[in-house]
There are 2 protein chains.
Amino acid sequence: MTSPLTGAHLLLRCAAALGVRACFANPGTTELALVRALEEAKEIRPVLGLFEGVCTGAADGYGRIAGLPALTLLHLGPGLANGLANLHNARRAHTPIINIVGDHATWHLPYDAPLTSDVRGLAGWASRRVIELHTREDIQSGIRAAIEASCGTPGAIATVIAPSDLMENEAAGPSPTVHEPMQRAAPAAVDARRLTRGAHALRAGPAILLLGGDALSERGQRAAARIAAATGARLMMESYPAVVPCGGGLPYLERLAYFPQDVIAQLGAATVVLAGALAPVSYFGYPGQPSQLVPDERLVQLSRPGEDGCLALESLVDALGSATDRPTTVVGRPAGGSGTAFTPVDIAEMLIAELPEGSIVSVEGSTCGGPYLQRAHRAKAHTVMTNTGGAIGQGIPCGLGAAIARPGSRVVCLQSDGSAQYTLQALWTLAREGLDVTVILAANHRYGILQTELRRSGADVHGSACARMTQLDSPRIDWVGLARGYGVRAERIESCEWFRRALQHSLHIPGPSLIECQLA
Amino acid sequence: MTSPLTGAHLLLRCAAALGVRACFANPGTTELALVRALEEAKEIRPVLGLFEGVCTGAADGYGRIAGLPALTLLHLGPGLANGLANLHNARRAHTPIINIVGDHATWHLPYDAPLTSDVRGLAGWASRRVIELHTREDIQSGIRAAIEASCGTPGAIATVIAPSDLMENEAAGPSPTVHEPMQRAAPAAVDARRLTRGAHALRAGPAILLLGGDALSERGQRAAARIAAATGARLMMESYPAVVPCGGGLPYLERLAYFPQDVIAQLGAATVVLAGALAPVSYFGYPGQPSQLVPDERLVQLSRPGEDGCLALESLVDALGSATDRPTTVVGRPAGGSGTAFTPVDIAEMLIAELPEGSIVSVEGSTCGGPYLQRAHRAKAHTVMTNTGGAIGQGIPCGLGAAIARPGSRVVCLQSDGSAQYTLQALWTLAREGLDVTVILAANHRYGILQTELRRSGADVHGSACARMTQLDSPRIDWVGLARGYGVRAERIESCEWFRRALQHSLHIPGPSLIECQLA
């Protein structure tokens, strides 16, 4: 290269040397030195998003599947602001992510140009660590610190603020020291007293073993299944897992319900042993319902997020006796749709029947997500991701990032229509990158959860304001038109048989497609 | 009404009594009490956006045209986060806006449910005032305080954090006291010394009178034109005015250029008298170029944003002698397109020829925005709004809000394609509300400004990373498909004559339409 080594080159070389392989970018003028440096950083795949929420959601999906952070590249305060909602979800998922946020040249900042804002204040909202680069020396140590912060256990978001002058200027001096590729930090061991308490609770029964975080890994699930076989404990999973392997003989994990009264009924009087999961809390506060859904005296925290829940479960297997792993169900082809109506259950059943082994399913929205997660254990071995933080617009970007992290795997986004609107620009990136992603869009043309909540509160969902705020059918959004507008193959489906054929086709041809499922 | 008066009812009644007439909403569960209360608050028009940036951008457009604040209704931290980018623009435009951000029930907050976040920290980013409601008594005073903060001079954003329990609970007690409808605070008078200094500089010459903020009002422009006639001062406008009346005999205002070297050349050695405008500052920091583009000794601040710039200019007219108002150009039908190529200049010329009197033009992006603003004085009397803060995705939402603020006026969004992607969901709200909005989309399928900047820095825009980060044509986005997907009439145009017919048709039939202009 004849061009000089700039701060931007140095930053990307450090990141590449540490093992960074993808950058989800929506750059502006202050990030152009980094764009130019991407020409040279061939190890890092640059992926353009048309909106920053696409980039941060993709980095979330990438980090969940790869286990290691991708970069995002965001333009100043407003660019970061647009990415925050999906960073909120990533924070809840403990996903490692490194945001690179460009800022004005340091000497230009005091002049309060139009795009100037308090970038640092925003960055602290979702990040474990915010790193401001000031000098050439900061670059290498800053990137290393960002990677360390994000690769802790649990994983986290680190945000690096990179002034444009530092990125543009020559960074004369030695090349980056050779690094060992980054690795996730080893989780903390669970102390013996908690193991004893856990074993005691499971032996005493009735007990529920509620899995979350790392305890939902294949290893964790297999250990949990043996514990269940030995003790009779019920196995459950947290409501919104970041990543959970399902199917292929893994045990059935009953999913924690959504509404507080349903959770209370579901859990009964059992003691709840938490492995990697947090104590069940109501999603929202409802009058007359508690926030914490299991009283302290019935909670036993075996392992917390960031601790070694798998090892804790395996230790319990040894302590409780070695009953054999007993999968609760077998993989099989379900009956499929009834042929008369076309329902979310039909979609879930057919997806389970058709899903190729090794697929990744990104679930957002309850319309099909609920029925699917009840049945996912009956499919071939695959991985499910859900919306961990409730900031909607996460499913398709997350699937996009997963597809970049694991080329060759089919990704299915099982997606509700209301939430898909927040980041629909992700469809274009699917097409541009030619990713093998099937978007199954459950189109009921309403904010279903809000109508459910309104009914629960006794409101008339057909009242003019209530209807105007929750019905999306006037005009009816044509998702096939939107998808094709972005270069994604698409069709609209209104029956079970038609859906099965469309799904089979979509799952086996390269590139993205969208199936708009017209639901009643 | 038999239903009890809740906190939400009280909040909306107070807002309505103070004169609030519109609410741009993207509610979630924690805002449903407010949605139910909208049933009763008939004075307030609820307008649903499919994404929060649509709502905040619409509130910006509404506030600019109405001069008074609309409400936004946003869901917790992530909903506010999605609205921040357009709030950044509104902050720069000094637009009055009142955000109502729902929060968890107060008693539920400590449990750190999935959607919990530091709402207050985010709210402070763009708001002049953040008001947390805690008790029934806070509601009335809080809304009043929010309106006062937003209606100051200059206008500003106030954000009210409304816990769901306070909104849901009965708010027994007296109804809101009858209020006087809100009014904008009177601007501060400019002190006599600055008037003297301004008069001196304009008399001494060579001088430029740079107008911004309130000095760009019709009154301000007419006074400025008389000053120019009396003194020979050049009239200019700031680069990105929030609202500027144009055409119909108003004077030609040369627009301040974008790149620093162009501004420096444009201003020469003249003294710059600032009326409502800030001292010219480079948009970004460029190596070898200054940030402040006019040295202090050549700057005279006649009036600052929030001061009475119109009165200051009128005082100068008296001081400088009463030359007659002399419009610099006449309204006339321009020649129009050459017929051979179809260029941004053609679009600007034809829009000027066809624009109905009293229209509002929302300009975002430089492709057509630059040529248009050079010529806007030749059109019939209309109002122009621009992107004040540089957070892109502002133009169509801002036009949407303007159309709600001034029913019966035609709104034209003169919009670049790259920036339109950030908030394209606004198209659906245009269709749903049946608004008379014409979107002229300049589709060059690239981030033109970034390619210009790359070329300036000597980079190869065809390098693989540079091209991938700035070219949007693979696949080419089909804006006609996207617009129709949202229920908006649309067509693609590739020649001048065709554009003129499409424009004429669009400007005179009710409801929204989009014209995708294929540019080279």
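Computation of the quantities below employed the complete heavy-atom set of this structure, encompassing side-chain atoms and omitting hydrogens, waters and symmetry-equivalent molecules. Residue numbers start from 1 in every chain, and the chains themselves are labelled A, B, ... in the order their sequence lines are given, proteins ahead of strands.
In this structure, no portion of Val480(B) lies under 4.5 Å from any heavy atom of chain A. Residue contact with chain A, scored on non-hydrogen atoms closer than 4.5 Å, involves the backbone and the side chain of Thr116(B) alike. Only the backbone of Thr388(A) comes within less than 4.5 Å of a heavy atom in chain B; its side chain stays farther off. Residue contact with chain A, scored on non-hydrogen atoms closer than 4.5 Å, is absent for Thr452(B). Interface remark: Leu80(B) contributes no atoms to any contact with chain A (heavy atom separation under 4.5 Å). At a 4.5 Å heavy-atom cutoff, Asn89(B) makes no contact with chain A through either its backbone or its side chain. For a residue to count as touching a neighbouring chain, one of its non-hydrogen atoms must lie under 4.5 Å from one of that chain's; by this rule Tyr447(A) touches chain B with the side chain only. For a residue to count as touching a neighbouring chain, one of its non-hydrogen atoms must lie under 4.5 Å from one of that chain's; by this rule Asn82(A) touches chain B with backbone and side chain alike. Contacts between Arg36(B) and chain A at a heavy-atom distance below 4.5 Å involve backbone atoms as well as side-chain atoms. If you measure heavy-atom distances from Trp479(B) to chain A, you find no contacts under 4.5 Å at all. Proximity to chain A involves both the backbone and the side chain of Asp118(B), based on heavy atoms less than 4.5 angstrom apart. For a residue to count as touching a neighbouring chain, one of its non-hydrogen atoms must lie under 4.5 Å from one of that chain's; by this rule Gln451(B) does not touch chain A. The part of Arg476(B) that comes within reach of chain A is its backbone (N, CA, C, O), which places non-hydrogen atoms under 4.5 angstrom from that chain. With a 4.5 Å cut-off on non-hydrogen atoms, Glu168(B) touches chain A through its side chain but not through its backbone. If you measure heavy-atom distances from Glu238(A) to chain B, you find no contacts under 4.5 Å at all.
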How far apart are the C-alpha atoms of Leu50(A) and Ile477(B), what are their side-chain angles, what is the distance that settles it, and do they pass the side chain to side chain contact (heavy atoms under 4.5 Å, CB included) test?
CA-CA 11 Å; Leu50(A) 298 175; Ile477(B) 293 166; 3.7 Å; yes
Evaluation steps, salt bridge (Lys or Arg N to Asp or Glu O under 4.0 Å), between Asp112(A) and Arg92(B):
CA-CA 11 Å; Asp112(A) 197 34; Arg92(B) 293 288 180 192; 2.8 Å; yes
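Side chain of Gln471(A) to backbone of Asp473(A): no donor-acceptor contact under 3.5 angstrom is found. Listed for the Trp428(B) side chain is a donor-acceptor partner under 3.5 Å among the backbone atoms of Pro475(A). Formation of a donor-acceptor pair under 3.5 Å by the Ser239(B) side chain with backbone atoms of Tyr258(B) is not found in this model. Under the 3.5 Å distance criterion, the side-chain polar atoms of Asn387(B) are left unmatched by any main-chain donor or acceptor of Gln394(B).
Chain B forms more heavy-atom pairs under 4.5 Å with one residue of Gln421(A), Glu39(A), Arg484(A), Glu31(A) than with any other, namely Glu39(A). Counting heavy-atom pairs closer than 4.5 Å to chain B, the top-ranked of the candidates Gly390(A), Ser164(A), Ala105(A) is Gly390(A). Taking chain A as the reference chain and counting heavy-atom pairs below 4.5 Å, the highest number among Gly487(B), Ala25(B), Pro46(B) is found for Pro46(B). Of the residues considered (Pro114(B), Gly53(B), Ala41(B), Ala465(B)), Pro114(B) shows the highest number of contacts with chain A, using heavy-atom pairs under 4.5 Å. Among the candidates Gly83(A), Ala431(A), Ser117(A), the residue making the largest number of heavy-atom pairs closer than 4.5 Å to chain B is Ser117(A). Residue with the most contacts toward chain B among Leu73(A), Leu482(A), Thr470(A), Leu84(A): Leu482(A) (heavy-atom pairs, distance under 4.5 Å). Between chain A and the options Ala391(B), Gly458(B), Pro78(B), heavy-atom pairs under 4.5 Å are most frequent for Pro78(B). Contacts with chain A were tallied for Val47(B), Val35(B), Val488(B), Leu122(B); Leu122(B) has the most, counting heavy-atom pairs under 4.5 Å. Interface summary for chain A: among Thr106(B), Leu472(B), Ile449(B), the most heavy-atom pairs under 4.5 angstrom belong to Leu472(B). Among the candidates Leu278(A), Thr29(A), Leu424(A), Leu38(A), the residue making the largest number of heavy-atom pairs closer than 4.5 Å to chain B is Thr29(A). Residue with the most contacts toward chain B among Pro27(A), Gly285(A), Gly481(A): Gly285(A) (heavy-atom pairs, distance under 4.5 Å). Contacts with chain A were tallied for Gly393(B), Gly49(B), Ala85(B); Ala85(B) has the most, counting heavy-atom pairs under 4.5 Å.
Residue Leu427(A) comes nearest to Ala483(A) through the heavy atom pair CD1-CA, 4.1 Å, listed as atom of the first residue, atom of the second, then distance. The heavy-atom pair separating Ala8(A) from Ala33(A) by the smallest distance is CB-O, 3.3 Å.
In this structure, Arg456(A) satisfies the cation-pi test against Phe259(A), with its NZ or CZ atom closer than 6.0 Å to the six-membered ring centre and inside 45 degrees of the ring normal.
Residues Arg468(A) and Leu48(B) form no side-chain contact, since every pair of their non-hydrogen atoms from C-beta on lies 4.5 Å or further apart. Using a 4.5 Å heavy-atom cutoff, the side chains of Leu115(B) and His88(A) are in contact. A heavy-atom distance below 4.5 Å is found between the side chains of Phe284(B) and Leu76(A). Contact annotation: the side chain of Leu514(B) never approaches that of Arg489(B) to less than 4.5 Å [non-hydrogen atoms, C-beta and beyond]. At least one side-chain heavy atom of Asp417(B) sits less than 4.5 Å from a side-chain heavy atom of His445(B).
At a cut-off of 3.5 Å, with distance as the only test, no side-chain donor of Asn86(A) or Tyr422(A) sits close to an acceptor on the other residue. For the residue pair His75(B)/Thr30(B), the side-chain donor-acceptor check at 3.5 Å is satisfied.
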